[in-house]
Amino acid sequence: LQELRAALSELRDRARSGDASSWEIFAGGCDSRVVVGAYGKGRSSSIQINGLLLQCLAWSMLGGVKMVLVWISNHSSWTHIYLTIKFANR
């Protein structure tokens, strides 16, 4: 749950500071296969994880931010690097 809470925090911060006239896509590395799988599928058997996933959905929809999680081995130093792409509405 700690990894999903960290991802939700990043998503929330980007949604709050984002521009409403454009969409932002960012990718983040996560060393939890459970979190990456649940986020990719959009659901989990865990009630706690489902609650956090619903919060991610709400912040993503209302804030114009799309988060992509990629599984990275915990032996890698790339875990906290984010890639951001912004799209302007036309």
Side-chain angles (χ1 to χ4, degrees):
L1 291 178
Q2 183 178 2
E3 292 88 355
L4 188 54
R5 284 189 183 111
L8 174 60
S9 176
E10 181 69 23
L11 179 63
R12 187 182 305 125
D13 291 344
R14 288 174 182 258
R16 285 181 179 160
S17 66
D19 182 11
S21 65
S22 64
W23 272 87
E24 178 181 341
I25 299 175
F26 74 96
C30 181
D31 63 352
S32 171
R33 291 183 186 187
V34 171
V35 169
V36 173
Y39 187 81
K41 198 170 190 178
R43 62 185 172 90
S44 171
S45 60
S46 167
I47 294 171
Q48 291 176 327
I49 291 177
N50 278 335
L52 293 172
L53 290 174
L54 284 174
Q55 290 181 47
C56 287
L57 176 65
W59 281 106
S60 181
M61 296 295 291
L62 296 174
V65 178
K66 172 68 176 164
M67 177 172 63
V68 179
L69 287 180
V70 179
W71 179 78
I72 298 177
S73 171
N74 58 2
H75 300 294
S76 176
S77 61
W78 293 73
T79 307
H80 300 291
I81 293 178
Y82 293 97
L83 170 69
T84 303
I85 301 171
K86 290 193 176 200
F87 294 95
N89 290 339
R90 294 183 184 207

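Residue numbers start at 1 and run along the sequence shown.
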Identify, with sequence neighbours excluded, every residue that meets side-chain contact (heavy atoms from CB on, under 4.5 Å) alongside [X].
{"X": "Arg16", "value": "Arg12, Trp59"}
{"X": "Asn50", "value": "Arg43, Ser44, Leu53"}
{"X": "Leu1", "value": "Arg5, Gln48, Ile49, Leu52"}

How is the hydrophobic cluster of Leu57 composed, in terms of its other members, when Ile, Leu, Val, Met, Phe, Trp and Tyr link through side-chain heavy atoms under 4.5 Å apart, directly or indirectly?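 Same cluster as Leu57: Met61.
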
With a 4.5 Å heavy-atom cut-off, do Glu24 and Arg14 have their side chains touching?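 Glu24 vs Arg14: side chains touch.
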
Can you name the nearest heavy-atom pair linking [X] to [Y], along with the distance?
{"X": "Ile72", "Y": "Gly29", "result": "CD1-CA, 3.4 Å"}
{"X": "Leu11", "Y": "Cys56", "result": "CD2-O, 3.3 Å"}
{"X": "Leu69", "Y": "Val35", "result": "CD1-CG1, 4.0 Å"}

Give a yes or no on whether the backbone of Met67 and the side-chain of Tyr39 come within a donor-acceptor separation of less than 3.5 Å.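 Checked: pair present.
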
